Amino acid sequence: MDFTYEYNGAERTVSLEKATAGWKVTCDGIEFEATSEKLGPGRFSLMAGVNPYRVFVAEGNGALYVFVAGHQFVFIERGAATGAAGAAGAAIVDGILSVAAPMPGEVVKITVQEAQEVSAGEVVAIVEAMKMEHELTTTVNGVVKAVHAGAGDQVDNAQVLVEIEAAEG
Amino acid sequence: MDFTYEYNGAERTVSLEKATAGWKVTCDGIEFEATSEKLGPGRFSLMAGVNPYRVFVAEGNGALYVFVAGHQFVFIERGAATGAAGAAGAAIVDGILSVAAPMPGEVVKITVQEAQEVSAGEVVAIVEAMKMEHELTTTVNGVVKAVHAGAGDQVDNAQVLVEIEAAEG
Amino acid sequence: MFSKILIANRGEIAARIIRACRELGIPAAAIYSEADRASLHVAMADEAVCVGPAPALESYLDIDKVVGAAKELGCCAIHPGYGFLAENHLFARRCEKEDITFIGPPSDALELVGSKLAARAAVTAVGVPVIPGMSGHGKDAAHFKKEAKAIGYPVLVKAAAGGGGKGMRVVETEKDLAPAVEGAAREAKGAFGDDTIYLEKCIVRPRHVEFQVFADFQGNAVHLFERECSIQRRHQKIVEETPSPALTTELRAEMGEAALKVVEASGYKNAGTVEFLLDPDGNYYFLEVNARIQVEHPITEMVVGVDLVAEQIRVAAGEPLSFEQGDLSQRGHAIECRIYAEDPASGFLPAAGPILLMEEPQGPGIRVDSGVYSGGEVSVHYDPIMAKLIAWGPDREAARRRMSKALGEYPILGIETTVGFLKDVIEHPEFIDGNTHTGFIDEQMADWRPTADDELLATALTAAALYETEPKAVAAAGKEVMSSPWETVGNWEIGSGR
Amino acid sequence: MFSKILIANRGEIAARIIRACRELGIPAAAIYSEADRASLHVAMADEAVCVGPAPALESYLDIDKVVGAAKELGCCAIHPGYGFLAENHLFARRCEKEDITFIGPPSDALELVGSKLAARAAVTAVGVPVIPGMSGHGKDAAHFKKEAKAIGYPVLVKAAAGGGGKGMRVVETEKDLAPAVEGAAREAKGAFGDDTIYLEKCIVRPRHVEFQVFADFQGNAVHLFERECSIQRRHQKIVEETPSPALTTELRAEMGEAALKVVEASGYKNAGTVEFLLDPDGNYYFLEVNARIQVEHPITEMVVGVDLVAEQIRVAAGEPLSFEQGDLSQRGHAIECRIYAEDPASGFLPAAGPILLMEEPQGPGIRVDSGVYSGGEVSVHYDPIMAKLIAWGPDREAARRRMSKALGEYPILGIETTVGFLKDVIEHPEFIDGNTHTGFIDEQMADWRPTADDELLATALTAAALYETEPKAVAAAGKEVMSSPWETVGNWEIGSGR
């Protein structure tokens with residue numbers, strides 16, 4: 001059985017094959033035998049060779065969350081919406097930078113106006129969530145194409161607040 | 001909606017009726033309004049009037065286990081086998097006392113033989129479990145009718161080890 | 001002693017205070033906003049009432065509603081915790097007027113120390129050194145510009161009220177001053193309802209060293225030694241420890257004395273914290289008084305062997321302090337890490353949402369003060385603090401290793417948290433050596449990203465795959481199985497009582 | 001320092017030792033029986049190997065297999081925990097022969113103190129008082145009868161090896177002597193592999209007061225004060241505390257000195273416990289040496305501020321003790337309750353089975369040393385100890401209240417446990433007053449039954465009913481829902497790796 005997940009933007013595949021006691025695991029050239037015991041909902045005692053790991057797994061937001069040896073991994077399931085890890089922030093498509101709310105919150109202020117020229121690093125909006133303000137900046141020089149929100153608006157994660165047309169060159 | 005459970009050998013009924021915010025509860029003449037929020041699997045925040053309770057509920061062995069305010073309750077579900085609370089021990093049916101293992105374990109010794117006379121309080125068997133020996137005694141005077149187990153036998157909870165015919169009178 | 005105490009707070013500190021009440025045999029009443037019915041502090045309380053909608057201004061910060069709740073439930077005292085109304089002298093005064101004991105300092109002392117400017121003046125008068133700063137305050141940009149020039153850049157823009165780094169900004173050059181003042185004022189207004197702002201000289205590479213103090217109404221006052229809280233992000237403490245690796249016995253005694261002078265000068269009662277900056281040359285400067293129980297109070301409890309919250313309640317009830325200065329000593333070392341729902345790999349963006357699965361660490365010397373639970377949700381409406389992890393050990397290195405291991409067994413799945421980041425702070429060579437200052441995070445951890453080697457990744461992928469094989473394995477065995485509603489996000493909030 | 005340590009144990013003490021290894025940076029290897037693959041200690045270890053079938057004699061007690069596991073995994077030291085092979089001098093000797101460090105006393109000292117009779121002789125020789133008892137031992141019923149008569153009834157039948165109340169019986173009259181000796185011998189054989197039995201005078205209403213001692217290979221020895229363990233059932237401690245309410249400073253010093261004499265007389269090294277009985281007149285009698293880390297060691301750790309398990313490892317590695325007698329003091333008070341899978345309402349019958357749902361208490365001063373988990377199973381094959389709950393407070397009453405509240409937030413559903421019983425012990429007026437003796441449970445708690453008032457029962461019934469309404473409520477909302485396989489017993493043991 002092959003399982004493929006997206007991790008840090010790259011696809012990773014792990015293969016499980018039934019073995020005498022447990023599974024033969026192959027993953028990116030690493031091979032080992034593993035057994036697993038359930039210790040509760042989402043809790044496993046995974047043994048790779050003679051090395052036990054206490055692992056925790058939960059599913060949600062289109063991803064599998066795994067905690068092992070002090071590290072948390074987020075694996076995006078194939079075909080899932082990337083609500084989990086692919087946080088919005090700022091993305092350029094067709095020369096347009098969309099500055100989006102990085103989390104649900106309230107718009108404190110939009111510091112630019114349509115048609116205004118902006119330079120990379122300039123603050124274009126301030127969003128407040130969980131009692132702290134967060135400044136959103138443009139990563140490009142350009143001109144403000146559209147403003148989609150105003151002070152006091154409640155916005156969702158990844159909601160586009162300001163669009164900026166990047167300057168040529 | 002009425003729910004009936006067996007608790008400490010008696011039937012108890014609780015009635016829930018939808019109220020504006022939550023439920024109207026009636027139970028043995030006690031009435032109150034309650035709301036409930038789930039805090040996780042089997043975990044609830046139950047509010048009776050202005051009094052919150054952190055309650056824990058689990059189902060198994062034909063019973064509902066409830067923990068509230070430091071107390072554990074075992075409610076036998078109607079029609080369920082009484083594997084949970086109705087521990088075996090010793091029961092007299094038709095003048096025959098069945099001395100049963102009170103837990104899974106190993107028979108260390110049967111201290112009586114068929115046809116032997118016994119007095120109330122006398123040890124008839126010794127069972128070991130979890131590294132401790134437990135003496136099983138007869139609660140009646142009588143004669144050993146049958147011995148169903150021997151030293152070294154692995155026995156289950158409620159398995160009858162010795163039957164004793166109670167003396168008349 | 002009080003017959004019933006209202007806890008005017010939420011989250012981990014409300015849970016902490018409820019425990020203290022229980023242990024003293026005093027019924028504890030909780031308040032909650034409409035967003036908080038399923039919060040842990042509600043379930044733990046003996047009584048609870050809803051005080052309004054989710055926004056704090058309409059619930060936890062609404063003085064009328066909080067006082068109304070206390071009266072409705074017959075509470076003769078209110079413990080405000082930290083944040084919200086804890087340092088609001090108008091709230092304390094209102095309690096005094098309503099004949100409800102405010103578990104904290106008298107409103108006059110609160111007002112005095114709550115104004116950083118008045119506090120500076122009072123403290124200067126008794127000979128405790130303060131950071132050079134502007135003499136008054138104002139809202140006029142030109143005035144700020146002039147004062148900043150006189151103090152000399154870099155300057156620190158600070159809110160006169162409140163704490164926790166809210167409304168605080170470092171300004172390196174004159175051109176950044178005006179927007180910083182504006183932003184700070186707005187943030188301060190939102191957080192504390194007061195937009196008064198002032199300026200201070202920015203001390204370079206200082207340590208943040210604070211002293212826990214306690215005064216009763218019989219005239220006794222003690223300090224319970226220091227806490228070093230240099231590990232900060234945006235002026236928000238995230239790791240605290242005691243003893244401070246930077247204090248000598250002499251300096252500790254001197255600063256403790258200074259802290260007690262501040263207590264005396266301000267007429268302060270009950271638990272408080274006198275904050276200092278300590279520069280690399282061993283000079284210390286009074287910063288401010290935190291007129292409340294602090295987030296980081298557990299490390300003092302563990303090292304000094306006291307129960308600060310129970311003591312707050314006893315002192316507020318008129319009892320004398322249960323310890324004298326000579327009874328107190330530091331034993332071993334304690335470290336606290338604040339577990340926030342923030343994404344340290346993305347500029348510490350808040351990460352509200354459901355906690356799909358959580359398990360808290362355990363073991364000798366480990367304490368978790370938590371306000372959340374597995375299956376619960378971190379609300380977008382309030383501070384992102386979820387819990388505090390505290391580790392005690394016979395010495396600093398023992399405590400540090402315990403903390404590191406405990407962070408390594410603290411899964412919180414579904415939202416981003418600071419756990420992995422904190423583990424790397426605790427294991428940083430400079431932290432191990434005790435070389436800490438308030439710029440530590442910016443200097444040492446700015447580009448932090450989580451790391452894991454290929455073998456661990458393979459193990460994690462295996463765990464994910466095995467998790468997915470589960471229901472199939474069961475179905476093959478002929479058993480009826482579905483994933484539990486509590487293991488998937490989205491429909492976890494199914495309450496029968498809604 | 002050791003490069004890798006094998007932990008020859010299971011359950012909570014194995015978990016405790018793994019934590020100590022981690023904190024010292026030493027890899028920890030676990031062993032497990034076929035019944036224990038899903039045990040917590042296995043999941044926590046760095047490496048683990050199976051050493052045989054479920055019965056302890058074929059796994060945890062099999063010296064060849066344990067030593068074999070250590071060699072297979074390249075461990076240069078073995079920590080035996082308590083029970084199993086911990087006080088088996090043959091095992092210790094085997095380790096010495098195989099050049100594996102046994103983390104405990106040298107095999108000769110273990111043999112000496114392991115024989116209660118030899119220990120009595122050695123201790124008597126250095127002037128420490130012992131309980132009057134038989135001078136030799138034997139297996140002949142007539143000999144026991146004669147000796148019992150000479151000592152005077154009531155007498156105590158005891159196993160020469162082991163501890164924990166196993167193989168121990170009080171005999172009031174001569175007619176009960178023979179079956180008691182027979183039963184004790186059988187139990188001792190099963191538990192320790194040695195059926196040697198002897199007799200002692202039974203002291204009336206004594207307290208059990210023991211001293212923690214520690215000796216290194218450099219010739220240093222200290223005591224870490226006492227633990228009172230009078231709350232016992234069938235000679236098995238169930239509640240322990242320190243300091244003892246019965247000791248004066250003078251008596252404490254005198255008994256501590258006596259304990260150190262025992263250490264010296266026996267050539268004892270590493271951690272150990274010298275047990276005494278203390279009669280109501282303040283006379284104390286040496287009982288025995290427990291040549292291991294004790295179940296109740298956490299209360300000493302909390303009150304004295306040390307890490308006994310880490311110290312065991314350091315001392316075994318040849319390091320000198322990290323503290324001197326003058327460094328040590330008691331601060332505050334700690335109580336431990338042992339959480340057993342037993343039904344206190346039915347004569348403490350063992351209650352093996354699945355733990356359907358469990359949550360462990362939290363908060364300031366609370367420590368849980370646990371070997372089980374929610375969703376796990378208590379095995380019929382081993383001791384019914386699940387966990388230990390420890391509460392520290394600034395004084396006895398604070399610790400006692402914390403313990404009481406913590407027991408009140410310790411749900412363990414699916415099996416019977418001692419939690420409710422312990423709560424009533426902790427709240428018993430005689431316990432509150434510190435009036436404890438080893439007969440306390442029989443005298444005060446013999447007819448214990450759980451109690452709950454009608455209102456609480458109504459609340460519990462409501463909770464049960466609401467739990468049952470749940471899936472329906474969800475189905476009505478049009479969502480696909482089934483009860484989780486992990487919420488029902490029977491099919492919880494679905495492992496994809498089996």
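Remember, predicted model here, so these are calculated numbers, not experimental data. Chain letters run A, B, ... following the sequence lines, proteins first, then strands; residues in each count from 1.
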Which bit of [X] is near chain C, if near means a heavy-atom gap under 4.5 Å: side chain, backbone, both or neither?
{"X": "A:Ala129", "result": "both"}
{"X": "A:Phe56", "result": "both"}
{"X": "A:Val14", "result": "side chain"}

Top contributor to chain A interface from [options] [non-hydrogen pairs under 4.5 Å]:
{"options": "C:Ile415, C:Thr462, C:Ile412", "result": "C:Thr462"}
{"options": "C:Gly420, C:Ala56, C:Ala352, C:Pro450", "result": "C:Ala352"}
{"options": "C:Val380, C:Asp454, C:Leu457", "result": "C:Leu457"}
{"options": "C:Gly408, C:Ala465, C:Ala458", "result": "C:Ala465"}
{"options": "C:Glu342, C:Lys405, C:Glu359, C:Glu409", "result": "C:Glu359"}
{"options": "C:Ala452, C:Gly414, C:Ala351, C:Pro384", "result": "C:Gly414"}

Q: Report yes or no: is the cationic atom of C:Arg234 (NZ for Lys, CZ for Arg) under 6.0 Å from the centre of the six-membered ring of C:Phe348, at an angle within 45° of the ring normal?
A: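 Judged by the rule, C:Arg234 and C:Phe348 form no cation-pi pair.
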Chain A contact via [X] - which portion, at a heavy-atom distance below 4.5 Å:
{"X": "C:Asp343", "result": "neither"}
{"X": "C:Leu413", "result": "both"}
{"X": "C:Thr417", "result": "neither"}

Exercise. Test side chain to side chain donor-acceptor pair (under 3.5 Å) on C:Ser404 and C:Glu427 and set out the steps.
Key: CA-CA 7 Å; C:Ser404 173; C:Glu427 290 175 357; 2.5 Å; yes
Taking 4.0 angstrom as the limit, do [X] and [Y] come out as a salt bridge?
{"X": "A:Arg12", "Y": "A:Glu6", "answer": "no"}
{"X": "C:Arg186", "Y": "C:Asp195", "answer": "no"}
{"X": "A:Glu33", "Y": "A:Lys24", "answer": "no"}

Looking only at heavy atoms and a cut-off of under 4.5 Å, which of A:Arg43, A:Arg54, A:Glu128 has the most pairs with chain C?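 Of the options given, most contacts go to A:Arg43.
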Task: chain C interface, residue from A:Leu46, A:Val68, A:Val57, A:Val108 that has the most non-hydrogen pairs under 4.5 Å - done: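 Of A:Leu46, A:Val68, A:Val57, A:Val108, A:Val57 has the most heavy-atom pairs under 4.5 Å with chain C.
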Next item on the list: Measure the CD1-CD distance between C:Ile355 and C:Glu377 for me, rounded to the nearest 0.5 Å.
Entry: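 C:Ile355 atom CD1 to C:Glu377 atom CD measures 8.5 Å (nearest 0.5 Å).
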If you round to the nearest 0.5 Å, how far is CD of A:Glu59 from CG of C:Leu357?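 Answer rounded to 0.5 Å: 12.5 Å.
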query: Checking C:Tyr382 side chain against C:Ala54 main chain: does a donor-acceptor pair fall under 3.5 Å?
result: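 Answer holds: yes.
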